[in-house]
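Written below as structure tokens is the structure these notes are about.
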Amino acid sequence: MKRIITYGTFDVLHYGHIRLLKRARDLGDYLIVACSSDEFNETKNKKSFYTYEQRKMILESVRYVDLVIPEYSWEQKIADMEKYFVDVFVMGDDWEGKFDFLKNYCEVIYLPRTPDVCSTNTKQHLTLNKR
Ligand code: C2G
């Protein structure tokens, strides 16, 4: 079984996230998503609309996702690779090169980011256009 992992906030889930999750899952047989905790989001200067528990539940409902775990820190990735026997680490290419240190532990793949959609813009658009 080829095991894939990816990391992210995945707030206000949109088709860019779904495309990433589908392409990641299609690289193997089992997809683990490390979902950023609310506290870790603060270190990324992100304030998500949905709480960790809500974002976790939403991710668990996605057909391409097999397991959702919490992402608490930047430093947990190597331990995660070993703990979950990960074969492939996948991120959108806005992170190109940032996680190449993981190549000692697994394959590292950066997938093209979906243009013209992001949670921040979606939230701003909904706020500006609420009735
Ligand atoms: N993504 C994408 N296309 C978009 C938006 C996001 O492919 N239009 C991808 C990102 O490249 C990332 C994943 O979807 O791989 C999740 O994006 P975010 O929720 O913004 O996650 P991020 O803040 O980048 O957190 O340790 C890594 C960090 O937790 C990544």
Side-chain angles (χ1 to χ4, degrees):
M1 176 186 282
K2 196 169 185 183
R3 301 163 68 86
I4 318 291
I5 198 167
T6 190
Y7 291 71
T9 297
F10 294 101
D11 191 30
V12 187
L13 208 64
H14 55 64
Y15 63 91
H17 293 134
I18 298 298
R19 286 190 71 248
L20 187 283
L21 295 170
K22 180 181 186 324
R23 284 173 294 159
R25 177 66 174 71
D26 288 347
L27 291 169
D29 308 291
Y30 188 88
L31 175 60
I32 302 163
V33 178
C35 180
S36 308
S37 69
D38 297 325
E39 297 75 15
F40 181 55
N41 269 340
E42 284 178 31
T43 71
K44 294 195 286 184
N45 297 317
K46 281 194 165 186
K47 173 85 178 79
S48 60
F49 181 76
Y50 292 121
T51 65
Y52 169 76
E53 286 306 323
Q54 291 165 338
R55 288 180 285 116
K56 178 175 186 285
M57 178 209 286
I58 293 167
L59 282 168
E60 286 170 339
S61 73
V62 175
R63 66 170 63 186
Y64 309 118
V65 177
D66 296 288
L67 175 67
V68 180
I69 62 171
E71 178 185 29
Y72 294 119
S73 73
W74 294 110
E75 292 77 27
Q76 72 180 72
K77 291 185 174 65
I78 292 173
D80 288 346
M81 301 309 136
E82 293 169 344
K83 180 177 179 182
Y84 294 99
F85 306 101
V86 170
D87 298 294
V88 186
F89 168 87
V90 174
M91 288 300 290
D93 63 3
D94 46 317
W95 292 94
E96 182 81 38
K98 298 289 193 307
F99 300 110
D100 287 357
F101 66 91
L102 292 171
K103 287 180 178 175
N104 298 324
Y105 302 90
C106 62
E107 192 180 348
V108 174
I109 294 178
Y110 300 100
L111 297 172
R113 184 184 167 91
T114 301
D116 307 325
V117 62
C118 72
S119 303
T120 305
N121 291 352
T122 303
K123 287 185 276 190
Q124 284 170 353
H125 179 81
L126 292 172
T127 303
L128 293 173
N129 291 279
K130 66 186 175 187
R131 299 278 174 259

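In what follows, residues are counted from 1 in the order of the sequence shown. Note that these values count all heavy atoms, side chains included, but never hydrogens, waters or copies made by symmetry. Whatever order the structure lists them in is the order used to number ligands and atoms, beginning at 1.
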Before giving the answer on side chain to side chain donor-acceptor pair (under 3.5 Å), spell out for Y110 and D100 the whole-Å C-alpha distance, their side-chain angles and the decisive distance to 0.1 Å.
-> CA-CA 10 Å; Y110 300 100; D100 287 357; 2.7 Å; yes

Inter-residue atom distance [X].[atom1] - [Y].[atom2], 0.5 Å rounding:
X	Y	atom1	atom2	answer
D94	T114	CG	OG1	10.0 Å
R63	K22	CZ	NZ	9.0 Å
M57	C35	CE	SG	12.0 Å

Result for side-chain contact (heavy atoms from CB on, under 4.5 Å) between L31 and one of I4, D26, L67 points to I4

[X]: numbered ligand 1 atoms lying under 4.0 Å from its heavy atoms:
X	result
M91	15 (O), 27 (C), 30 (C)
Y7	26 (O), 27 (C), 30 (C)
G92	11 (O), 15 (O)
S36	29 (O)
W74	26 (O), 27 (C)
K44	22 (P), 23 (O), 25 (O), 28 (C), 29 (O), 30 (C)

Based purely on interatomic distance, does [X] place a nitrogen or oxygen under 3.5 Å from a nitrogen or oxygen of ligand 1?
X	value
P112	no
T9	yes
T114	yes
D94	yes
F40	no

How close does the nearest protein non-hydrogen atom get to [atom], and which residue and atom is it?
atom	value
atom 14 (O) of ligand 1	H17 CD2, 3.7 Å
atom 24 (O) of ligand 1	W95 NE1, 2.8 Å
atom 19 (O) of ligand 1	F10 N, 2.8 Å
atom 29 (O) of ligand 1	E71 OE1, 2.7 Å
atom 18 (P) of ligand 1	K46 NZ, 3.7 Å
atom 1 (N) of ligand 1	R113 NH1, 3.9 Å

Short version for K77: what comes under 4.0 Å of ligand 1, heavy atoms counted, is side chain

Logged contact type for V117 with ligand 1, heavy-atom cut-off 4.0 Å, is both

Sub-3.5 Å donor-acceptor pair from the side chain of S119 to the main-chain atoms of D11, do we have one? yes

Which class fits the ring pair W74 and W95: parallel under 30°, tilted 30 to 60°, perpendicular over 60°?
tilted

Assess whether a salt bridge exists between D66 and R25, defined as any Lys/Arg side-chain N lying under 4.0 Å from an Asp/Glu carboxylate O. yes

Judged by heavy atoms only, the candidate from T6, L13, L20 nearest atom 9 (C) of ligand 1 is L20

Checklist entry - Can you find a non-hydrogen atom of C118 under 4.0 Å from ligand 1? => result no

Check if H14 has a non-hydrogen atom at a distance under 4.0 Å from any atom of ligand 1. yes

Exercise. Will you find, in the side chains of S36 and K46, an N or O donor that is under 3.5 Å from an N or O acceptor?
Worked result: no

Aromatic contact, Y7 with F89 (centres under 6.0 Å) = yes

**Message:** Quick one, L111 and M91 - any side-chain contact, counting heavy atoms below 4.5 Å?
**Reply:** no

### Message
Any non-hydrogen side-chain atom of V62 less than 4.5 Å from a side-chain atom of L13?
### Response
yes

Worksheet item: Does R55 make a cation-pi contact with Y50 (under 6.0 Å, within 45 degrees of the axis)?
Response: no

